[in-house]
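To keep things clear, I will list the structure first and then write my remarks on it.
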Amino acid sequence: MMNEPKQMHLQEKIFLLLRQQILDGALSSGTRLLPSRVMAEELGVSRNTVLVAVERLVAEGYVVAKTGSGCYVNDNVALGTNATASLGAIAPTGFMPYRSDIVDFKSGLPDLSVFPVKRFGQLYRDVMDHITPAELGYGAPEGHIELRREIATYLQTYRGVRCDPASILITSGTTQAIGIAGSALFEGQSHPLAVIENPITVDIRRILQKLGAEIYPVPTDQWGLCTSALPSHKAPRCIYVTPSHQYPLGAILSAKRRVKLIEYAQKSNCYIVEDDYDSEYRFDGHPISAVQGLCPKRVIYIGTFSKTLSPALRIGYLVLPPSLIAGARQMKWLTDLHNSVFDQLVLARFIRGGHYYRHLMKMKKRYRSKRDFLLACLQQHMGERAKIIGENAGLHLCVQFPGVVFSKNLLDNLEQAGVRVYPVWEHAGTDTSFDDTIILGFGMLSPEKIDKGIGILKQILL
Ligand SMILES: Cc1ncc(COP(=O)(O)O)c(C=O)c1O
């Protein structure tokens with residue numbers, strides 16, 4: 001017979017509590033558990049509830065029942081406190097939840113208040129109404145063909161990427177795409193060298209490092225990656241670049257350097273990894289076309305829907321040169337088999353129905369006006385004290401305050417005063433030359449919040 005939910009809840013709680021004490025060693029081997037009647041009285045629950053919890057401890061081997069004398073903690077079932085520390089105590093690196101109670105200038109977040117919730121709801125309903133048994137089973141690791149077709153058309157039309165559905169692999173965002181590309185690239189290589197831009201999103205550096213790569217940071221300036229500083233002592237396995245919108249400083253890789261980069265990659269037989277994370281939002285001039293279109297054999301192109309729709313979708317993609325498709329496909333399969341088929345179908349139909357393009361146009365206007373408002377606030381409150389960097393595209397810009405050092409202490413003070421800003425140094429390894437520069441993401445913020453945030457910044461900094 002099924003237990004009442006409330007009763008089940010209590011039994012579960014008592015079981016978990018006793019198990020934790022046994023694992024931690026607080027109840028050591030040979031200790032006799034309190035008689036069930038006493039425990040029930042102490043806990044204010046029925047004896048039956050305690051008995052069920054203890055029976056489960058016996059069944060799982062934490063406790064041994066001795067007829068007539070009671071229940072005893074078994075031998076060798078303690079793990080020690082480190083192994084059982086609650087996950088909550090270990091903060092995942094880099095993850096800071098967005099704070100809507102203050103002005104949080106977190107970068108890389110689109111305006112989630114206007115995510116097309118209704119349309120997605122309709123499409124989910126529609127997809128579920130027509131889903132076939134075959135689609136409910138395991139899918140292809142490279143992703144659903146419907147979505148890969150839509151992405152291929154989009155990339156050819158808008159990004160100058162040379163691809164077809166067969167060269168596309170759907171991933172859980174850029175983050176997984178880097179892991180998959182890195183694994184495919186580094187397999188069988190001893191001490192592979194990975195060139196990254198300096199600065200670059202700290203997690204990109206971490207992922208490549210975790211995959212066993214030696215990291216070689218190359219500086220960036222107003223024309224993007226300084227190709228003259230590429231390594232000459234050893235050929236890298238890959239060069240990771242954000243050529244359409246350098247993260248976080250915003251430069252576009254110049255045409256001359258694009259050519260130099262490709263020449264270098266060809267000469268040293270390495271791959272360029274092109275992270276095209278938010279190039280849809282270029283406010284001044286034409287969108288920058290992808291490096292991939294210039295040399296598809298040497299470039300692994302990565303795109304994401306995190307900035308144009310929502311990071312919660314967890315959908316991104318790789319466009320791979322033929323030589324890497326099999327390796328990447330296998331790595332995706334071994335990682336998580338494939339992305340959710342439902343999400344892929346919904347997204348494919350969102351794009352095919354023309355909604356994605358309309359959404360992009362709408363959002364571009366919205367971000368342009370937020371960007372303009374932020375620039376006006378900075379000008380009004382900070383004047384010449386603030387040097388703006390990389391304001392022509394994307395969902396963030398950088399501001400340099402010569403003479404200010406954005407120490408941990410200063411950042412904490414700002415947050416206590418009601419504004420959270422993000423230092424560039426976090427993404428620059430040991431390089432201290434960006435200590436005076438912060439990243440201001442504006443995608444999520446209303447004009448009121450932007451104004452308030454810059455006002456607080458002024459009070460504390462100037
Ligand atoms: C440079 C860069 N690329 C890509 C991403 C997007 O990652 P994902 O697609 O995994 O959400 C980010 C996230 O902030 C980023 O900073």
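In listed order, ligands and their atoms are each counted from 1. Values below: all heavy atoms of this structure, side chains included; hydrogens, waters and symmetry mates excluded. Here the structure is a predicted model, which is why all the values come from computation and not from measurement. Along the sequence shown, the residues carry numbers beginning at 1.
Contact shell of ligand 1 (protein heavy atoms, cutoff 4.0 Å): G173, T174, T175, T201, I204, Y247, D275, Y277, T304, S306, K307, R314.
By the side-chain hydrogen bond (donor to acceptor under 3.5 Å, both in side chains) test, Q246 pairs with E197, sequence neighbours left out.
Checked by atom type, the side-chain pair N269/R298 shows a donor-acceptor distance below 3.5 Å.
Note on residues 361-370: pairs passing salt bridge (charged side-chain N to carboxylate O under 4.0 Å, His left out), not counting sequence neighbours, are D111-R366, D111-K370.
No cation-pi contact links R420 to F105, judged by a cut-off of 6.0 Å to the six-membered ring centre and 45° from its axis.
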Could you go through residues 449-462 and list every donor-acceptor pair under 3.5 Å that involves a side-chain atom there, pairing it with any protein atom two or more places apart or in another chain?
| unit_1 | atom_1 | unit_2 | atom_2 | d |
| --- | --- | --- | --- | --- |
| K449 | NZ | S100 | O | 2.7 |
| K449 | NZ | I102 | O | 2.9 |
| D451 | OD1 | H381 | NE2 | 3.4 |

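F305 has its ring centre less than 6.0 Å from the ring centre of Y356.
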